[in-house]
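Atoms within a ligand are numbered from 1 in the order they appear, just like the ligands themselves.
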Amino acid sequence: MAEHPSFDLAQHPHRRYNPLNGEWLLVSPHRALRPWQGQQEAPDTETRPAHDPTCYLCPGNVRANGAPNPDYTGTFVFDNDFAALRDDVPAGQLNQGGLLRAESESGVGRVICFSPRHDLTLPEMSPAAIRGVVDVWTDEYRTLGARPDIGYVQIFENKGAVMGCSNPHPHGQIWAQRTVPGEPAKESVQQLAYYQEHGRTLLTDYLAIELAEKTRLVLENEHWVALVPFWAGWPFETLLLPRRAVSDLTQLNEAEKDAFADALRRLTIHYDNLFQTSFPYSAGLHQQPTDGQAHPEWHLHMHFFPPLLRSATVRKFMVGYELLANAQRDITPEWAAERLRSQSEVHYKAVSVN
Ligand SMILES: [Zn+2]
Ligand SMILES: [Zn+2]
């Protein structure tokens, strides 16, 4: 009788469950057993000017609406001149037999410049400057979330032309709106069910498993941990989360905010060093809705969804099976975590400059 080998996550195709959103993904590790080519491209050492007179985000320059930016020295926040959301929308809805449904949506779009320096990105900024970004995120979440017409605040960054980011000046966005959008709404349902059953946040218990197993950890400090989640869909996807279960940024203490800045800086350095390029990604915070209720089931966290797969130019596309069925990956999250974890904490550009 043929002997059946025991199930091995590193070798056998399998499905993994994402408890945060309730969805599954397909992992096909046997397809990644071909040798790793590593990055074969020259390190990206492109330099930009510290100030670009044509950049609409640089200090002193004029934006599309004709308003000049102030000569800011830290962060700078303004209402997006081309926001997808507006707060002057009349209430209204449509419902034809439950099949054609629509309702008006209102909100605000804001842009946050992380630095006056056109030539920097988060991993190249000082810990103090990144702490300034954490502080402005916190202030914006608090202020926008306090508005009665805002039920959810989404803070995010699109980095890199491959992610559709049209301007390399370091900046992120905030879209704040009346309703809770799809992804955080799914996470609300999952986290609430877990909290009601166990009396602890889902991510508290998940983090305990990861800290014990260690195979998917990327880096940690006293208050934060970065890891490749067991259910990661993107090749080098990570989750950055605080050890203490807080529901939003305003509940972090000073030491936790400093540690968040430290973890952000180090994680993005690991990313840049992986393929010696300014690593593109979409990243963002998930926090409790701002509907005036307390949501102790919500555990603040930050997702990084980077598209790169094998080098600075070979990226993963979510197409075919992934559009029609569910997410799929070849390299395992454990393997990706090991690659990310083993990167130097000195930015590759700082090394090459000497
Ligand atoms: Zn600029
Ligand atoms: Zn999330």
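- Side-chain contact check for E187 and H301: at least one donor-acceptor pair (N or O, by modelled atom type) lies under 3.5 Å.
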Exercise for the section: Would you check, one step at a time, whether the test salt bridge (charged side-chain N to carboxylate O under 4.0 Å, His left out) holds for D262 with R266? Expected result: CA-CA 6 Å; D262 170 74; R266 290 166 58 202; 3.1 Å; yes

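- The side chain to side chain contact (heavy atoms under 4.5 Å, CB included) test with K186 singles out one residue from N21, N18, L20, and that residue is N21.
- At a cut-off of 2.8 Å, H51 is not counted among the residues with an N, O or S atom near the Zn ion (ligand 1).
- The minimum heavy-atom distance linking H286 with Q154 is given by the pair CD2-OE1, 3.5 Å.
- Counting just the N/O/S atoms of H118, the one with the shortest distance to the Zn ion (ligand 1) is named ND1.
- If you look at the Zn ion (ligand 2), the protein N, O or S atoms less than 2.8 Å from it are E187 OE1, E187 OE2, H286 ND1, H301 NE2, H303 NE2.
- When all heavy atoms are compared, the tightest approach of S188 to W298 is OG-NE1, 2.7 Å.
- Taking 2.8 Å as the criterion, H169 counts as a coordinating residue of the Zn ion (ligand 1), since one of its N, O or S atoms falls below it.
- The aromatic rings of W231 and Y206 sit tilted relative to each other, their planes meeting at an angle between 30° and 60°.
- Nearest approach of P296 to S247, heavy atoms of both residues: CA-OG, 4.0 Å.
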